[in-house]
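Heavy atoms only: backbone and side chains are in, while hydrogens, waters and symmetry mates are out.
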Amino acid sequence: MEITEKAPAKLNLFLDTPFNHPDGLQEWNMVMTSVDLADYVKINVVPNKVGIKVKTNTGFLPNDSRNLAYQAARILQERFKIRAKVMIEIRKHIPVAAGMGGGSSDAAAVLRGLNRIWKLGLSLEELAKIGLEIDSDVPFCVYGQTAHVVGKGEQVIPLKKLPPMWIVIAKPKLSVSTPYILNKLNHDNIQHLKIERMLDAIDKNDFDGICASVGNVLEQVTGKEYPEILQIKERMVKYGANAAQMSGTGPTVFGICSKSTRAKHIVNSLKGFCHEVYLVRTL
Ligand SMILES: C[C@](O)(CO)[C@H](O)COP(=O)(O)OP(=O)(O)OC[C@H]1O[C@@H](n2ccc(N)nc2=O)[C@H](O)[C@@H]1O
Ligand SMILES: Nc1ncnc2c1ncn2[C@@H]1O[C@H](COP(=O)(O)OP(=O)(O)OP(=O)(O)O)[C@@H](O)[C@H]1O
């Protein structure tokens, strides 16, 4: 049996880390959303054979157990003692190591897909719990809808659909290491953000309120290392974005617009200045 699952990219509309857990991991306080820039994950299973095979169209991503999609297949195979070979083909569209959760979304797609193929009957909640063993963004990606994410990534509280908006995504030619940025973070020196206004604005379907309450405490950390990120953000605002911000640990910056004409104007103004630029909508 063969199926294809869509694996959308995520953006962090809001990101704060209130404290460090004793094990060194961050406590998150985030609002995340999925956008229509997506990888396509084709899954094929061959009963009574063994193994996992991953193929991608990139040439540089690992095809072995380092690939998060591979790990997702292995966990379900082992946990449910299923004797079948899993073949995964990933068509990558989401930039890698960009702060857009591409690997996590591919893993979530494999969890959802194999749950269907093998008729495991697992709820999204159960899949999210399994997903946390792979990576902290997988639980959110299993749901794939706008959500308030807290804890180490395991608590995903779905929120209302966002009002219609256009999003310009700009990825400079930089790869940012998440552990490197998180290690630089000093919780005592950052100005923590209040999430209530964002949650309230989403609840009221208030576009302006959402734009007024975006924030990411990691922007200053990554922005200090790579000033280009802050320049892209400034440029987006100058060309008319209603709000602009870095996603995750970066380097991707996104701009939110209510009007498609303005969004297209920003796309044109960034081309040539920035390596990759996309115009997307929220899901
Ligand atoms: C910062 C975000 O972009 C927000 O969406 C992501 O959570 C990062 O997700 P990611 O790149 O998939 O990260 P992971 O592979 O899960 O973890 C990368 C690094 O983040 C650290 N990490 C992860 C989860 C967590 N609650 N606290 C952490 O400090 C891990 O120790 C690791 O060093
Ligand atoms: N299926 C996959 N797609 C992309 N990267 C993968 C995948 N599996 C493993 N990886 C590895 O994970 C690393 C970063 O992947 P990814 O693109 O998910 O990062 P990211 O966008 O920074 O994620 P986040 O927003 O969660 O920080 C890469 O170094 C890559 O080798």
Side-chain angles (χ1 to χ4, degrees), residues 6-13 15 17 24-26 28 30 32-41 54-72 88-110 131-142 144 149 152-153 167-185 216-233 244-255 270 273-278 280:
K6 206 168 160 177
K10 63 87 180 169
L11 293 175
N12 299 91
L13 287 181
L15 189 157
T17 162
L25 291 180
Q26 315 291 323
W28 297 128
M30 314 192 277
M32 295 165 86
T33 196
S34 295
V35 296
D36 63 358
L37 172 63
D39 294 342
Y40 287 86
V41 183
V54 175
K55 262 192 359 195
T56 74
N57 60 339
T58 63
F60 57 85
L61 277 178
N63 287 334
D64 53 19
S65 62
R66 286 168 298 170
N67 196 301
L68 303 189
Y70 183 109
Q71 293 174 24
I88 300 167
E89 216 178 301
I90 307 172
R91 236 181 321 133
K92 268 324 276 180
H93 294 286
I94 307 173
V96 174
M100 299 175 75
S104 316
S105 193
D106 294 345
V110 169
L132 188 68
E133 295 174 34
I134 304 170
D135 176 289
S136 62
D137 278 349
V138 180
F140 164 78
C141 293
V142 162
V149 178
K152 295 174 185 173
I167 298 187
V168 179
I169 293 176
K171 152 100 180 29
K173 206 175 173 147
L174 297 168
S175 288
V176 172
S177 151
T178 301
Y180 176 77
I181 296 300
L182 294 179
N183 278 336
K184 286 205 164 278
L185 187 71
N216 179 356
V217 297
L218 303 176
E219 193 176 86
Q220 289 313 313
V221 185
T222 315
K224 205 167 164 192
E225 297 273 316
Y226 308 102
E228 193 180 339
I229 290 172
L230 303 176
Q231 285 164 10
I232 293 172
K233 176 176 162 164
Q245 181 183 282
M246 187 184 82
S247 184
T249 47
T252 294
V253 178
F254 63 94
L270 286 172
F273 180 73
C274 193
H275 184 58
E276 289 173 78
V277 187
Y278 307 88
V280 302

> Could you walk me through whether K224 and K184 pass the side-chain contact (heavy atoms from CB on, under 4.5 Å) test, one step at a time?
CA-CA 11 Å; K224 205 167 164 192; K184 286 205 164 278; over 6 Å; no
> List for me each residue that meets side-chain contact (heavy atoms from CB on, under 4.5 Å) alongside K152, sequence neighbours excluded, and say none if there are none.
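For K152 the side-chain contact (heavy atoms from CB on, under 4.5 Å) partners, ignoring immediate neighbours, are H21, D23, L25, E154.
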> If you take all heavy atoms of K10 and G248, which pair is closest and at what distance?
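It is NZ-CA, 4.0 Å.
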> Can you sort out the partners of S247 under side chain to side chain donor-acceptor pair (under 3.5 Å), two or more places apart, ordered by chain and number?
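With neighbours one apart ignored, the set is N12.
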> Apply side-chain contact (heavy atoms from CB on, under 4.5 Å) to residues T222 and Y226 and explain how you reach the verdict.
CA-CA 6 Å; T222 315; Y226 308 102; 3.8 Å; yes
> Please list, chain by chain and in numerical order, all residues satisfying side chain to side chain donor-acceptor pair (under 3.5 Å) with T249, sequence neighbours excluded.
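Partners of T249 by the side chain to side chain donor-acceptor pair (under 3.5 Å) criterion, ordered by chain and then number, come out as T178.
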> Determine whether a donor-acceptor pair (N or O, by modelled atom type, separation under 3.5 Å) exists between the side chain of E219 and the backbone of M246.
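Indeed, once roles are kept as given, a pair shorter than 3.5 Å links the two residues.
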> Return the minimal non-hydrogen interatomic distance between A170 and L270, and the atom names on each side.
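Where A170 meets L270 most closely, the heavy atoms are CB-CD1, 4.1 Å.
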> Might you point out which heavy atoms bring W28 and S136 nearest each other, and give the distance in Å?
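Nearest pair, atom of W28 first, then S136: NE1-OG, 4.2 Å.
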> Could you state the interatomic distance from CD (E276) to NZ (K171), rounded to the nearest 0.5 Å?
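Going from the CD atom of E276 to the NZ atom of K171 covers 5.5 Å.
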> Rounded at 0.5 Å granularity, tell me how far OG in S34 sits from NZ in K6.
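That separation rounds to 10.5 Å.
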> Restricting to non-hydrogen atoms, name the atom on V41 and the atom on A109 that form the minimum distance, rounded to 0.1 Å.
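Nearest heavy atoms, V41 then A109: CG2-CB, 3.9 Å.
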> Report the C-alpha distance between F60 and V96 in whole Å, list the side-chain angles of each, state the deciding distance to 0.1 Å, and finish with yes or no for side-chain contact (heavy atoms from CB on, under 4.5 Å).
CA-CA 10 Å; F60 57 85; V96 174; 4.0 Å; yes
> Roughly how far apart are L218 CG and L15 CG, rounded to 0.5 Å?
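Output value for this atom pair is 5.0 Å.
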> Output yes when a side-chain donor or acceptor of S105 lies under 3.5 Å from a complementary backbone atom of G101, and no otherwise.
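Here the side-chain-to-backbone pair does not exist.
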> Can you list the residues that meet the side chain to side chain donor-acceptor pair (under 3.5 Å) rule with Y70, with sequence neighbours excluded?
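Testing Y70 for side chain to side chain donor-acceptor pair (under 3.5 Å), a comparison that skips the adjacent residues, returns none.
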> For A97 and P251, which heavy atoms make the closest approach, and how far apart are they?
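Result for this residue pair: O-CD, 3.7 Å.
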> Could you work out, with side chain to side chain donor-acceptor pair (under 3.5 Å) as the rule, every residue matching D135, not counting sequence neighbours?
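Partners of D135 under the side chain to side chain donor-acceptor pair (under 3.5 Å) test: S104.
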> So if I apply the side-chain contact (heavy atoms from CB on, under 4.5 Å) rule between I232 and each of T252, V168, V253, which one comes out positive?
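With I232 as partner, T252, V168, V253 yield a single side-chain contact (heavy atoms from CB on, under 4.5 Å), made by V253.
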> Once you round to the nearest 0.5 Å, how far does CZ of F273 lie from CD of E228?
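Rounded to the nearest 0.5 Å, the CZ-CD separation comes to 6.5 Å.
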> Looking at every non-hydrogen atom in both residues, tell me the closest pair between A72 and A107 and how far apart they are.
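In terms of heavy atoms, the two residues are closest at CB-O, 3.5 Å.
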> Find the distance between OG1 (T33) and CG (L13) and round it off to the nearest 0.5 Å.
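Answer for the OG1-CG pair, T33 versus L13, is 6.0 Å.
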> Rounded to the nearest 0.5 Å, what's the gap from NZ on K55 to CG on L61? Could you check?
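The distance works out to 15.0 Å.
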> Scan residues 89-101 for pairs that pass side-chain hydrogen bond (donor to acceptor under 3.5 Å, both in side chains), counting only residues two or more places apart or in two chains.
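Only D39-K92, K92-D106 qualify under side-chain hydrogen bond (donor to acceptor under 3.5 Å, both in side chains).
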> What do the steps show when you test L37 against M100 for side-chain contact (heavy atoms from CB on, under 4.5 Å), and what is the final call?
CA-CA 10 Å; L37 172 63; M100 299 175 75; 3.7 Å; yes
